[in-house]
Amino acid sequence: MPPDAASNTRHLIGLNPEQRAAVSHTEGPLLILAGAGTGKTKTIVHRIAHLIRVAEVHPARILAVTFTNRAADEMRERVQDYVGPEAKRVTLSTFHSLGVRILREHGHRLGLPKKFAIYATADQLGALKTACAEISIDDNRFDLKKIQFQISDWKNRRVSPEQAKRELSEEGDGTRADAYAVLAATAYPKYEEVLRACGAVDFDDLLLLPTQLLEQDEEARRALWKRWHYVMIDEYQDTNGVQLDMARLLSGSRRNLCVVGDDDQSIYGFRGAQVGNILEFERHFPGARVIRLEQNYRSTKRILAAANAVIAANTARHEKTLRTENSVGAPIEQVEHDSEIAEAESVAREITTRRLMHKLPFGSFAVLYRANAQSRVFEEVFRNRNIPYRLVGGTSFFERKEVSDAVAYFRAIAHPDDEIALRRIINYPTRGIGRTTVLKVVEFARAENIGFARALKEVTADVIGAAALRAIQQFLLLLEDGRKELHAAEAETALNRPKEGTTPLGRWALAFLEKTGIEQEVRSDPRNAKSADARADNLKDLAGTITRYERRVWDERFEPGANPDDEEWEPPTLSGALSRLALDDRPDEEEDDRVDQHRVTLMTLHSAKGLEFSDVFLVGLEDGILPHSRSIDAPNGAESLQEERRLLYVGITRARQRLTLSYCRQRKRAGGAIDCLPSRYLTDIPQDLLNIRGSNVELPPEESKQLRQNFFANMKAMLAE
DNA sequence: GTTGCGTTTATTTTT
DNA sequence: TAAACGCAAC
């Protein structure tokens with residue numbers, strides 16, 4: 001707690017004037033334009049403290065919304081450190097968890113079952129496949145992902161199936177309606193039907209349905225207005241149309257809405273984010289106060305000058321110029337290479353020497369690129385040169401095949417109507433229920449006008465044959481037994497807070513997975529020869545995740561500041577574990593994996609948002625890569641190119657001390673080598689900030705001598721350690 | 001249901 | 001170039 005605990009300005013200490021203004025503005029709409037590295041989180045944390053301690057707002061009346069679990073965790077931690085235990089009563093949640101919470105409480109008013117399943121990408125695709133099959137859209141001839149994308153886009157813009165159809169027919173102005181849009185418009189209503197029949201919602205629904213509920217249902221609206229009086233939203237530049245409406249509805253007539261963001265870092269337009277939300281905030285919320293945070297505490301003057309120059313070329317933005325009291329810093333290196341291999345070799349060499357010359361840990365370096373595929377060369381070269389690295393991105397834990405198969409089993413247990421889950425596992429491991437049998441069951445279900453799950457129970461031998469029937473009955477028995485044992489485990493875990501060691505649900509999960517035979521199946525698949533043990537471990541980890549979930553639920557009940565008799569508290573269930581899994585797919589230990597002292601970080605520019613490194617390499621800065629060729633010839637080219645430029649801006653502003661920009665003259669792609677030109681954005685950086693050179697140019701002799709001395713001194717010191 | 005071969009295609013992805 | 005996918009044959 002700050003020293004002057006009695007004064008009303010205690011939470012303003014250590015802040016600059018703009019940050020102070022943001023903290024002390026408590027009533028009415030507020031837009032905080034927080035440039036990169038300007039102390040955004042600090043400002044939010046102090047503002048929450050100010051609301052609680054000075055404005056005397058009850059912590060439970062405050063709602064703070066983020067996009068990522070990581071951001072939510074960080075904010076929770078910092079608020080609790082600064083304010084103390086009562087800050088636990090603040091609702092701090094991601095958009096999607098907030099949606100789940102609202103739907104759990106009020107979803108029955110929309111006809112949702114109490115325990116609904118949440119479909120992430122793979123399941124969405126499964127549901128869409130089922131929907132398309134019913135209306136004879138051949139999933140071999142058409143790319144369902146495109147249809148899925150279109151439907152998702154509609155849902156994010158709050159276009160209903162009826163509107164989607166109308167929107168298409170109204171496009172009679174000569175513009176040819178996209179063939180996929182037509183298919184999507186046909187599939188859309190069916191897809192929604194399938195979801196509801198499975199008792200499921202997709203990720204978009206987690207935002208869309210609560211918004212609809214708030215709009216239509218006076219009672220639900222009042223309940224939420226009673227609960228939250230102050231709403232804050234982080235990373236507002238990434239919100240989409242639904243989230244804008246959600247923000248409006250949640251803040252209600254009090255209009256105590258504080259949004260924080262940076263339009264210059266809006267890089268998720270391709271996923272439906274609307275920069276317009278942050279650009280038009282004052283129009284959406286008349287009378288809004290706008291505060292700009294432009295004092296940067298992260299980067300050198302040169303780095304900021306480059307960032308400012310790059311972003312200034314964008315139109316349609318809130319004017320901002322970052323400034324800093326940090327030192328001028330080293331010149332920015334701009335390096336040309338012959339090939340991507342030369343580029344990677346050069347980065348490796350630079351890291352090795354800089355580490356020794358400046359005595360830096362590997363963790364202070366990051367290599368940032370546009371697309372994941374670019375990481376490969378770096379991985380190979382780093383491996384050869386024994387540079388430890390950490391690759392961020394790629395397929396996540398829960399996308400791994402064996403894990404999602406196991407999760408499908410859990411889902412089939414927890415949500416008996418979940419057709420998508422059932423169909424995924426019905427013949428995995430192989431148990432003699434092939435494609436034709438499944439199709440016959442689907443046919444039977446349609447004829448009887450019942451769901452797939454019920455059809456499995458009621459189908460007879462004359463429809464599918466005796467052997468298949470026996471197989472199905474065995475399968476159902478497996479699930480039924482699993483369900484019985486689960487109920488016992490749930491009853492047990494609801495009773496007592498688990499002590500050390502295993503937990504009831506965790507034990508159940510392990511035992512049930514054993515019975516499914518997934519592990520055996522994984523081990524016997526020759527394709528898994530090398531990875532069998534790792535995959536088997538993943539299954540164990542999944543059970544571990546459930547154990548940790550169980551403990552966490554109980555911990556939440558008894559942690560300081562919480563009320564143990566809170567009526568809202570619910571004991572752990574498998575269904576609860578699954579929705580948490582769907583919303584937060586980080587395997588537990590790796591929570592803070594984005595920061596690691598001992599390894600160089602390799603990641604995309606997108607993943608780098610929000611992070612900082614003292615030494616940053618931006619690689620592959622070529623036209624066609626950044627901006628990406630798809631952006632160059634996108635239909636909304638101008639918009640798209642501005643987003644690419646923002647990507648470069650995000651990259652530059654990750655660097656604290658040193659920044660290296662590089663590009664290749666040639667690069668292997670689609671078979672042969674193609675010639676590349678430097679990124680068009682590079683010319684916007686003033687030359688006097690840059691030290692332009694080719695790959696193999698030596699440093700000036702003076703500097704070189706000095707550095708060599710450091711090199712040997714540091715090497716000695718490091719060896720001595 | 002599995003295997004192997006030919007064909008296709010290659011951004012970013014907080015939840 | 002390589003990996004991922006679909007399809008046909010076993």
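Letters A, B, ... mirror the listed sequences (proteins, then strands); counts begin at 1.
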S.K.: Using the P atom on both, measure B/dT12 against C/dC5 and round to a whole Å.
M.R.: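 Looking at atom P only, B/dT12 and C/dC5 are 15 Å apart.
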S.K.: Would you tell me if any nitrogen or oxygen in the side chain of A/R376 comes within less than 4.0 Å of OP1 or OP2 on C/dA3?
M.R.: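 For A/R376, the contact criterion (side-chain N or O under 4.0 Å from OP1 or OP2 of C/dA3) is met.
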S.K.: Answer with base, sugar-phosphate or nothing: what part of the nucleic acid does A/F95 contact at a heavy-atom distance below 4.0 Å?
M.R.: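 Result for A/F95 = nothing.
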S.K.: Assess A/R630 against A/F270: is NZ or CZ under 6.0 Å from the centre of the six-membered ring, and within 45 degrees of the ring's axis?
M.R.: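 That pair does not qualify as a cation-pi contact.
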S.K.: Could you check A/I311, A/D623, A/L661, A/L641 and say which one makes a side chain to side chain contact (heavy atoms under 4.5 Å, CB included) with A/Y681?
M.R.: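 So the option named by the test is A/L641.
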S.K.: Over all heavy atoms of both residues, which pair between A/V242 and A/K155 is shortest? Give the atoms and the distance, please.
M.R.: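 The answer is CG2-O, 3.3 Å.
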S.K.: Would you indicate which nucleotide in B/dT11, B/dT13, B/dG1 comes nearest to any side-chain atom of A/T430?
M.R.: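 Ranking B/dT11, B/dT13, B/dG1 by closest atom to the A/T430 side chain puts B/dG1 first.
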S.K.: Classify the side chain of A/R630 and the base of B/dT11 as holding, or not holding, a donor-acceptor pair under 3.5 Å.
M.R.: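 Flag unset: no donor-acceptor pair detected.
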S.K.: Which whole-number value in Å describes the distance from A/K668 NZ to C/dA2 P?
M.R.: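 It works out to 10 Å between those atoms.
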S.K.: 5'-most contact on DNA chain B: A/D204 or A/R431, nearest heavy atom basis?
M.R.: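 Of the two residues, A/R431 wins.
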S.K.: Specify the separation, in whole Å, of atom CG of A/N156 and atom C1' of B/dT13.
M.R.: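 For the pair A/N156 CG and B/dT13 C1', the rounded distance is 13 Å.
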S.K.: Please state how far atom OH in A/Y268 lies from atom P in B/dT15, giving the value in whole angstrom units.
M.R.: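 Checked: the OH to P distance equals 9 Å.
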S.K.: Can you measure A/R370 atom CZ to B/dA10 atom P for me and round it to whole angstrom units?
M.R.: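 For the pair A/R370 CZ and B/dA10 P, the rounded distance is 14 Å.
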S.K.: Mapping A/S97 and A/E643 to their closest nucleotides on DNA chain B, which lands nearer the 5' end?
M.R.: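 Nearer the 5' end of the strand: A/E643.
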S.K.: Between atom NZ in A/K129 and atom C1' in C/dC5, what is the gap in whole Å?
M.R.: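 So the two atoms are 12 Å apart, to the nearest Å.
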S.K.: Under 5.5 Å centre to centre and under 30° between planes: does that hold for A/F270 and the six-membered base ring of B/dT13?
M.R.: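 Taking the rule of under 5.5 Å and under 30°, the ring of A/F270 does not stack on B/dT13.
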S.K.: Would one find more than 12 heavy atoms of other residues, nucleotides or ligands at under 6.0 Å from atom NZ of A/K40?
M.R.: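 Yes.
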S.K.: Between C1' on B/dT15 and NZ on A/K609, what's the gap in Å once rounded to a whole number?
M.R.: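 Value for this atom pair: 13 Å.
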S.K.: Taking 4.0 Å as the cut-off, does a side-chain nitrogen or oxygen of A/N372 come that near to OP1 or OP2 on B/dT13?
M.R.: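 Looking at the OP1 and OP2 atoms of B/dT13, one of them is under 4.0 Å from a side-chain N or O of A/N372.
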S.K.: Would you measure the distance from the P atom in C/dA2 across to the matching atom in B/dT13 and give it in whole Å?
M.R.: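 It works out to 23 Å between them.
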S.K.: Answer yes or no: does a side-chain N or O of A/S607 lie under 4.0 Å from OP1 or OP2 of B/dT13?
M.R.: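 Answer is yes, contact under 4.0 Å.
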